[in-house]
Amino acid sequence: MPKTSKHSVKQEAHDMRQHDKLFIGGEWVAPAGTGTIDVISPHTEEVVGRVPDGTAEDMERAVAAAREAFDHGPWPRMTFAERAEVIGRLAAVYNERQGEMAQLITEEMGSPITFSNLAQAPQPLGMLQYYAELGRTFQQEEQRPGLFGPITVRREPVGVVAAVVPWNVPQFVTMTKVAPALLAGCTIVLKPAPETPLDAYLLAEWAAEAGVPAGVLNIVVAGREVGEHLISHKGVDKVAFTGSTAAGRRIAAVCGEQLKRVSLELGGKSAAIILDDADLAASMGFLSMASLMNNGQACVAQTRILASRNRYDEVVDAIAGMVSSQAVGDPADATTGIGPLVAKRQQERVESYIRLGMDEGAKIVVGGLDRPYDRGWYVAPTVFSGVSNDMRIAREEIFGPVLAVIPYEDEADAVRIANDSDYGLAGTVWTADAEHGMEVARRVRTGTYGVNCFMLETNAPFGGYKASGIGRELGPEGLNSYLEYKTISRLG
């Protein structure tokens with residue numbers, strides 16, 4: 001059984017974070033309906049927040065505000081440097097209060113506070129800072145020689161963006177869309193996940209404080225049906241979505257029918273290849289973050305652990321030891337390594353996969369179906385051995401702290417297994433020879449890869465192959481997806 005954090009799962013009183021308005025057109029406005037969404041603490045199962053449940057009418061108002069700001073407002077007509085100045089002010093506000101953002105995300109979705117302080121708040125801040133810096137020197141027009149005269153290649157904003165984000169890393173995913181879209185000159189309608197709306201309200205306050213013009217950023221929390229109304233709205237020029245592959249297919253179909261620009265960052269089932277020369281003790285410290293970050297609720301998580309038959313038992317023991325060393329409990333406790341899952345349905349989903357793994361013949365080495373606590377949406381971190389790559393626990397995204405250790409015959413077989421997936425989002429290789437690790441990295445078909453580490457860089461593209469998505473976020477490539485390119489030729 002994994003360790004439990006010293007504070008266990010105590011029931012704490014929370015001040016209710018209640019919001020009764022929506023952020024549309026630069027103002028806090030009353031919603032069209034009377035429905036509300038309760039934000040439930042995954043740790044205590046108590047209500048910690050309440051926000052309006054947006055309706056189709058609210059989305060109509062938000063798109064209209066974004067459309068007005070794009071078609072007639074100053075934002076798209078400002079220079080990149082002028083927009084970068086505003087983004088820089090937002091980054092400054094974010095920087096002063098990122099600790100508040102980290103605590104809020106831990107409260108609303110159960111991310112361990114150490115991970116929230118490491119990634120949930122600092123990485124969105126880093127994106128704002130990166131795009132503010134990029135915008136200071138970014139050129140809207142480029143001159144090229146043509147056959148008969150000069151050519152101007154001009155970059156213009158794509159228009160109104162619908163940004164639809166999930167609950168697992170809500171600010172990180174929000175900023176992969178909002179930061180480059182703002183720099184490009186787009187206006188945005190952001191639909192946060194119903195499970196995690198509170199951080200978006202904080203972002204709205206900061207955007208207003210930083211002087212983001214009215215209508216440039218609009219935020220409406222809503223469920224799937226209203227979200228689809230936003231995605232299919234004729235006033236939206238581009239959809240930027242992060243979430244499940246199933247939802248991504250539906251969104252791609254809608255956008256394809258309308259010939260609407262779309263970028264999709266979807267699921268993953270990433271493989272960590274442990275080569276025979278790897279130092280297991282040294283690797284486990286880094287692999288614990290790569291495989292179990294955010295309670296296993298990460299699309300890039302390395303949940304397939306590939307070990308050679310020569311060292312298979314040794315690797316299984318090392319992985320089991322690494323998982324068992326994680327303290328499970330109160331996500332607000334700095335000693336916690338793994339907190340609760342975001343919702344009861346997620347807890348039940350992950351447990352159903354643990355049952356499935358047992359039914360498929362895999363062996364539980366650590367964890368299983370005994371819940372660590374009677375209250376809170378906790379699942380025991382679980383390691384399976386004896387897994388073959390054709391099992392569903394090796395092929396389907398579980399989105400929880402469940403790892404499958406899969407044997408391989410030789411390095412070529414390891415690469416084959418890593419590539420034998422519907423997904424291609426991330427991956428790692430662990431070896432004493434980093435140069436050889438680079439050779440392995442080049443052979444695995446994924447969008448991001450790590451040699452003896454895993455990280456996402458703000459100045460480099462992030463996205464996936466195959467069913468892991470379409471397009472790239474972060475870096476200058478992330479800005480390009482919010483730009484249209486216009487070629488102007490002239491004579492005389």
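Note that the numbering runs from 1 along the sequence shown for the chain.
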Sequence neighbours left out, cut at 3.5 Å: what donor-acceptor pairs do the side chains of residues 118-127 make with other protein atoms?
residue, atom, partner, partner atom, Å
Gln120, NE2, Ser111, OG, 3.3
Gln120, NE2, Asn168, O, 3.2
Gln120, NE2, Asn294, OD1, 3.3

Using residues 47-58 as the side-chain source, report each donor-acceptor pair under 3.5 Å to any protein atom, sequence neighbours left out, with the distance given to one decimal.
residue, atom, partner, partner atom, Å
Arg50, NE, Asp38, OD1, 2.6
Arg50, NH2, Asp38, OD1, 3.2
Thr55, OG1, Glu57, N, 3.3
Thr55, OG1, Asp58, N, 3.2
Thr55, OG1, Asp58, OD2, 3.0
Asp58, OD1, Ala32, N, 2.8
Asp58, OD1, Arg61, NH2, 2.9
Asp58, OD2, Thr55, N, 2.9

| task | Would you mind listing every salt bridge (Lys or Arg N to Asp or Glu O under 4.0 Å) that reaches into residues 122-134, with sequence neighbours excluded? | result |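 Checked against salt bridge (Lys or Arg N to Asp or Glu O under 4.0 Å) - neighbours excluded - the pairs reaching residues 122-134 are Glu133-Arg136.
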Partners of [X] by salt bridge (Lys or Arg N to Asp or Glu O under 4.0 Å), sequence neighbours excluded?
X	result
Glu314	Arg311
Glu100	Arg97
Glu108	none
Glu397	none

Quick check against the 3.5 Å criterion: does [X] have a side-chain atom that pairs as donor or acceptor with the backbone of [Y]?
X	Y	answer
Thr446	Tyr449	no
Tyr312	Val405	yes
Thr448	Leu425	yes

For [range], pull every pair meeting ring pair (Phe, Tyr, Trp, His ring centres under 6.0 Å), keeping only residues two or more places apart or in separate chains.
range	answer
residues 160-179	Trp167-Phe399
residues 20-41	Phe23-Trp28, Trp28-Tyr201
residues 85-114	Tyr94-Trp206

| field | All side-chain hydrogen bond (donor to acceptor under 3.5 Å, both in side chains) counterparts of Lys191, not counting sequence neighbours | value |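 Checked Lys191 against side-chain hydrogen bond (donor to acceptor under 3.5 Å, both in side chains); zero matches.
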| message | Show, in sequence, the C-alpha distance, side-chain angles and deciding distance for Gln346 and Trp377, and conclude whether the side chain to side chain contact (heavy atoms under 4.5 Å, CB included) test is met. | response | CA-CA 8 Å; Gln346 191 68 12; Trp377 296 313; over 6 Å; no
| request: Write out all pairs satisfying side-chain hydrogen bond (donor to acceptor under 3.5 Å, both in side chains) with one or both partners inside residues 458-470, taking only residues at least two apart or from two chains. | output: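 Qualifying pairs, neighbours excluded: none.
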